[in-house]
Colleague: 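Structure incoming, see below.
By convention in this document, chain letters (A, B, ...) are assigned in the order of the sequence lines, proteins followed by strands, and residues within each chain are numbered from 1.
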Number of protein chains: 4
Amino acid sequence: MSLNKVQLIGNVGKDPDVRYLDNGVAVATFPLATTDRAYTLANGTQVPERTEWHNIVLWRGLAETAEKYVHKGDKLYIEGKIRSRSYDDQNGIKRYIVEIFADNMEMLTLRTTQAGTAQQPMQPGVAPQQPSSAQAVQTADASDDLPF
Amino acid sequence: MSLNKVQLIGNVGKDPDVRYLDNGVAVATFPLATTDRAYTLANGTQVPERTEWHNIVLWRGLAETAEKYVHKGDKLYIEGKIRSRSYDDQNGIKRYIVEIFADNMEMLTLRTTQAGTAQQPMQPGVAPQQPSSAQAVQTADASDDLPF
Amino acid sequence: MSLNKVQLIGNVGKDPDVRYLDNGVAVATFPLATTDRAYTLANGTQVPERTEWHNIVLWRGLAETAEKYVHKGDKLYIEGKIRSRSYDDQNGIKRYIVEIFADNMEMLTLRTTQAGTAQQPMQPGVAPQQPSSAQAVQTADASDDLPF
Amino acid sequence: MSLNKVQLIGNVGKDPDVRYLDNGVAVATFPLATTDRAYTLANGTQVPERTEWHNIVLWRGLAETAEKYVHKGDKLYIEGKIRSRSYDDQNGIKRYIVEIFADNMEMLTLRTTQAGTAQQPMQPGVAPQQPSSAQAVQTADASDDLPF
DNA sequence: TTTT
DNA sequence: TTTT
């Protein structure tokens with residue numbers, strides 16, 4: 001009876017910050033920028049481009065994929081949900097933060113990942129040898145022999 | 001090169017607050033709740049349901065539609081983008097707020113709107129005589145004679 | 001590097017047809033109608049409403065949920081992917097069919113399911129005692145103690 | 001009361017076929033491929049990758065953008081709706097075709113379009129001088145001086 | 001803090 | 001008929 005879905009295509013602002021909880025679960029966070037194009041209104045007003053920053057949070061397999069393959073500057077497709085939480089800042093003031101909990105990620109910047117060539121943008125026409133995308137759940141819940 | 005899209009199905013927390021700017025443009029705001037179901041983890045932990053509140057902002061025709069047809073408790077489909085802004089609160093502390101600027105709305109609670117019967121849930125099987133949904137842009141940009 | 005996503009809100013055209021494969025996997029199929037509103041073009045042309053029928057296919061837990069809770073006339077949210085296949089019809093002519101393989105379903109028509117009261121629309125403000133929605137995967141892949 | 005939305009990220013199979021109707025409206029069509037990754041089931045079965053071909057239809061400004069900027073092999077984000085129609089083939093047999101009527105397109109393959117360098121994949125780090133994406137409606141319906 |  |  002409810003839907004909370006976010007889909008973003010944007011650029012990673014910083015290399016992911018990945019940490020592991022006591023139970024071994026990985027959590028990755030990084031900022032992602034989406035930018036609206038500049039345009040001109042009917043009355044001639046110029047509306048400049050505008051960048052929105054999103055706080056992306058990944059868990060488990062997606063976090064591990066991000067740790068290995070996601071870097072500052074990369075273009076990503078992210079699908080997930082909006083989630084807000086509050087915390088007390090260093091001055092004891094209650095702050096709210098809105099995060100995007102991702103459940104799907106597609107990497108739109110291809111990179112070769114062979115030793116010595118890491119971090120290089122993909123050459124056109126050269127196929128990557130490493131997985132360049134990730135859908136963590138895809139195989140995990142396959143409990144029979146049907147290919148869907 | 002960028003995508004910033006949000007899709008929500010949830011319930012309206014309060015009647016919309018609608019105001020008109022000096023240039024006649026309508027702006028409507030209201031909170032929308034989406035609720036994740038409770039569930040039980042593999043290890044037996046009960047995860048309770050969790051409600052997320054979204055700050056919805058509508059402009060122009062959609063705001064006018066909301067003023068006429070949207071009420072507290074209604075179930076809505078909202079499509080739009082995430083947009084954050086900052087403001088100084090009454091104590092001079094800088095606050096951030098995240099809003100959903102909607103560009104599409106579908107009303108999933110049907111109501112008759114004839115005089116005297118307003119606010120009644122729709123009878124099953126009876127077609128509504130009033131617009132029960134709104135896509136403000138749909139007709140506005142039709143500048144030729146093609147039906148798409 | 002690829003995305004194939006469909007999101008529909010529409011009405012079920014017939015009670016689901018559910019069958020069980022030899023390995024016990026359930027498959028449910030039913031038609032779902034989405035309807036574009038009628039509207040008037042700038043040049044005065046009336047564009048009538050138009051109904052699109054979608055062939056929905058559900059697997060496993062979602063199929064079992066559909067068998068129990070989905071009925072003709074119900075309004076559903078369906079999320080999935082487009083998938084086409086060919087078959088030879090009774091005249092040996094090769095036919096193509098496009099289906100929506102659903103991986104998420106939300107039931108937007110609430111029904112009480114107690115004996116004797118089935119098929120009744122939900123009273124406004126009364127919480128359902130039965131699950132009124134389904135996300136089959138949600139608990140299945142939870143392998144640690146984190147509530148996400 | 002209805003939603004019919006498709007979102008695709010895939011590769012263009014052929015250069016767009018663009019034609020102009022008598023009233024000057026442009027229509028572009030081309031195939032777009034989305035590919036599901038290969039994966040291994042829990043029981044060890046290898047499921048090969050699978051490509052789905054989508055018939056994309058663009059109108060008006062989006063069609064004109066496609067005519068100028070979209071080429072075979074390009075990666076695109078497409079948002080639109082599912083629409084089916086029937087026709088009689090050359091043998092008088094009634095055939096059905098499902099098309100995606102796009103209302104948004106984002107070009108994920110960047111190309112320089114300066115004279116002499118057209119059709120070349122973008123060099124990493126070199127900014128394109130031409131619009132590399134298109135949202136036809138974005139400016140068209142701006143009828144006041146508000147930047148949204 | 002990204003990208004075009 | 002694309003792409004990885």
Colleague: Counting heavy atoms from C-beta on, name the nucleotide in E/dT1, F/dT1, F/dT3 closest to the side chain of A/Lys72.
Modeller: E/dT1
Colleague: Is any NZ, NE, NH1 or NH2 atom of the basic residue among A/Glu106 and D/Arg37 found under 4.0 Å from an Asp or Glu carboxylate oxygen of the other?
Modeller: yes
Colleague: Within this structure, what is the CD-to-C1' distance between A/Glu49 and E/dT2, rounded to whole angstrom?
Modeller: 11 Å
Colleague: Output the rounded distance in Å from CZ (D/Phe30) to P (F/dT3).
Modeller: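 These atoms are roughly 14 Å apart.
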Colleague: Distance alone, cut at 3.5 Å: any donor-acceptor contact between the side chains of A/Glu64 and A/Tyr69?
Modeller: no
Colleague: Give the rounded distance in Å between these two atoms: CG of D/Asp15 and P of F/dT3.
Modeller: 11 Å
Colleague: CG of D/Asn11 versus C1' of F/dT3: gap in Å, rounded?
Modeller: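 Those two atoms, CG and C1', are 4 Å apart.
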Colleague: Kindly write out the residues that satisfy side chain to side chain contact (heavy atoms under 4.5 Å, CB included) with B/Asp89, not counting sequence neighbours, or none if the list is empty.
Modeller: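 So B/Asp89 forms a side chain to side chain contact (heavy atoms under 4.5 Å, CB included) with B/Tyr87, B/Asn91, B/Ile93, B/Arg95.
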Colleague: Looking only at side-chain N and O atoms, does D/Lys75 come under 4.0 Å of OP1 or OP2 in F/dT3?
Modeller: no
Colleague: Verify the stacking flag for D/Trp53 against F/dT2: centroid separation must be under 5.5 angstrom and the ring planes must differ by under 30 degrees.
Modeller: no
Colleague: Between A/Leu8 (CG) and E/dT1 (P), how many Å, whole number?
Modeller: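 For the pair A/Leu8 CG and E/dT1 P, the rounded distance is 21 Å.
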Colleague: Pick base, sugar-phosphate or nothing for D/Thr51, based on heavy-atom distances below 4.0 Å to the nucleic acid.
Modeller: base
Colleague: Rounding to a whole Å, what distance do you find between B/Asn4:CG and E/dT3:P?
Modeller: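 About 18 Å, once rounded to whole Å.
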Colleague: How close or far is atom P of F/dT3 from atom CG of D/Asp74, stated in whole angstroms?
Modeller: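 Value for this atom pair: 9 Å.
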Colleague: Tell me: OH of A/Tyr77 to P of F/dT3, nearest whole Å?
Modeller: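 A/Tyr77 atom OH is separated from F/dT3 atom P by 22 Å.
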Colleague: With salt bridge (charged side-chain N to carboxylate O under 4.0 Å, His left out) as the rule and sequence neighbours excluded, what pairs involving residues 39-52 of chain A come up?
Modeller: A/Arg50-A/Glu52
